[in-house]
Amino acid sequence: MTQLGRADKLTKTDQPIKQDFAMRPLRLDSLEIFEDVVRCGGFRAAALGRGVSSSAISQSISVLEEALGIRLLNRTTRSVAPTEAGEQLLERLMPALHDIRTAIDDLNQLRERPSGTVRINAPGPAADHVLCPLAFEFMKIYPDINVEIVSDAAIIDIVEQGFDAGVRFGNQLAQDMIAMPLGPALRYAIVASPDYLSRRGRPDSPRDLLQHDCIRRRFPGGTMVTWKFERDGEQVEITPKGRLTLSSAHQELQAALAGSGIAHLFEDYVRDDVDQGRVVELLSDWKQKLPSWYLYYPSRRHTSAAMRVFLEYIRSQRWTPIIK
């Protein structure tokens, strides 16, 4: 084939792509979906964040690539990563999408009632006993604002995962985050059922727990939770022993109620059961006072109108100190 023939064939091959591009104007949401897929590292995570199916996300990316006439993502069975073209597009795309979102949200401030979505990542205990009750009342005041709370004990990058804020203990916060107290100071309670105590007896000190069947907790990262105690300046830390290991406070409470062992839980989880006599609190003079939960959010990111009124609502709360 001559050079002219090859050039003519290349031109004819390229032409349908250009025509297709003209017939299929790009949609802003398809570019946002592309950004989500790269940020989340896959179709499934992006789909969960948007509340749609993975196939819908995949189809949107395929349409975008077809319209542009170039592959943006390399797909394998285990991962999704941007191609060189995808990286170049993303580099230009992210600032532009940020400016668009900021412009739209600035208009939102002129509305009589703020709207939008607030996404928060929080450990189960914080979500159950502090964040959810606050969110329920907040949504009554602001009916046009949606709230999404994801319970997760793992330490994550909230910006990378698309959250507006997270909840953790104060000593777990990154330095570039703004934080505010969320709820009163916390304390753990050691509890067991009357049935267990009738069979095994009561521990008189934290070290006595090593002779008991304790209900252990393992964090998502694999670390086993240690139990810490304090009394009159003396601090004791033990690694509990026991046949049962669980991954959530709800499971631990159910195990304690069933007489399976001694549990180590936040007071909020066991207060009603202690009052009703379903479990007995142990070593109450050895309680260690902990910091409160903290709500944190990035200092270098535009804060939406919905998030701003949520932060104002949190700041307006007056936390009742725990009773000693």
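All values below were derived from every heavy atom in this structure, side-chain atoms included, with hydrogens, water molecules and symmetry-related copies excluded.
The same ILVMFWY cluster, assembled from side-chain heavy atoms under 4.5 Å apart, contains both Leu295 and Ile145. Linking Ile, Leu, Val, Met, Phe, Trp and Tyr whenever their side-chain heavy atoms come within less than 4.5 Å puts Val191 and Leu290 in one cluster.
The two residues Val236 and Pro206 come nearest to each other via the heavy atoms CG1-CB, 4.0 Å. Between Ala263 and Trp227, the shortest heavy-atom contact is C-CH2, 4.2 Å. The shortest non-hydrogen separation linking Arg39 to Gly162 is NH1-N, 3.1 Å.
With hydrogens and angles ignored, the 3.5 Å screen pairs no side-chain donor or acceptor of Arg217 with any backbone N or O of Thr245. Side-chain atoms of Gln317 come within 3.5 Å of backbone N or O of Tyr313 as a donor-acceptor pair. Between the side chain of Glu35 and the main chain of Leu31, no donor-acceptor pair closer than 3.5 Å is present. The closest donor-acceptor contact from the side chain of Ser193 to the backbone of Ala258 lies at 3.5 Å or more, if one exists at all. In terms of modelled atom types and a separation under 3.5 Å, the side chain of Arg200 and the main chain of Gly261 share no donor-acceptor contact. Under a 3.5 Å cut-off, the side chain of Thr83 and the backbone N or O of Asn74 do not form any donor-acceptor pair. Although no hydrogens or angles enter the test, the distance criterion places a donor-acceptor pair under 3.5 Å between the side chain of Ser62 and the main chain of Ser58. Without hydrogens or angle criteria, Asp144 side chain to Pro114 main chain gives no donor-acceptor distance under 3.5 Å. Here the side chain of Ser60 pairs no donor or acceptor atom with the backbone of Ile57 at under 3.5 angstrom. Looking only at distances, a side-chain donor or acceptor of Asp208 sits under 3.5 Å from a matching main-chain atom of Ser205.
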Before you tell me yes or no, could you show the steps for Arg75 and Glu65 under salt bridge (Lys or Arg N to Asp or Glu O under 4.0 Å), namely the whole-Å CA-CA distance, both residues' side-chain angles and the distance that decides it to 0.1 Å? CA-CA 13 Å; Arg75 305 161 174 83; Glu65 289 177 327; 3.0 Å; yes
What's the verdict on salt bridge (Lys or Arg N to Asp or Glu O under 4.0 Å) for Glu267 and Lys287, showing C-alpha distance, side-chain angles and the deciding distance? CA-CA 10 Å; Glu267 286 183 319; Lys287 284 184 180 179; 2.3 Å; yes
Take Asp275 and Arg271, measure what salt bridge (Lys or Arg N to Asp or Glu O under 4.0 Å) needs, and give me the verdict at the end. CA-CA 6 Å; Asp275 291 343; Arg271 186 172 291 114; 6.0 Å; no
Tell me, with the steps shown, if Arg168 and Asn121 meet side-chain hydrogen bond (donor to acceptor under 3.5 Å, both in side chains). CA-CA 9 Å; Arg168 293 295 181 270; Asn121 180 282; 2.9 Å; yes
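A salt bridge does not link Asp164 with Arg119: every distance from a Lys NZ or Arg NE/NH1/NH2 to an Asp or Glu carboxylate oxygen is 4.0 Å or more. Note on Arg315 versus Glu312: no salt bridge recorded, every NZ/NE/NH1/NH2 to OD/OE distance being 4.0 Å or above.
Sorted by first and then second residue, the ring pair (Phe, Tyr, Trp, His ring centres under 6.0 Å) pairs involving residues 64-97 (not counting sequence neighbours) form an empty list.
For the ring-ring contact (aromatic ring centres under 6.0 Å, His included) test, residues two or more places apart in sequence or in another chain that qualify with His212 are Tyr196. With sequence neighbours excluded, the residues satisfying ring-ring contact (aromatic ring centres under 6.0 Å, His included) with Phe310 are Phe138.
Taking the centre of each ring, Tyr188 and Trp286 stay at or above the 6.0 Å mark.
Each of Val280, Val270, Ile262 was compared with Ile190 under the side chain to side chain contact (heavy atoms under 4.5 Å, CB included) criterion, and only Ile262 meets it.
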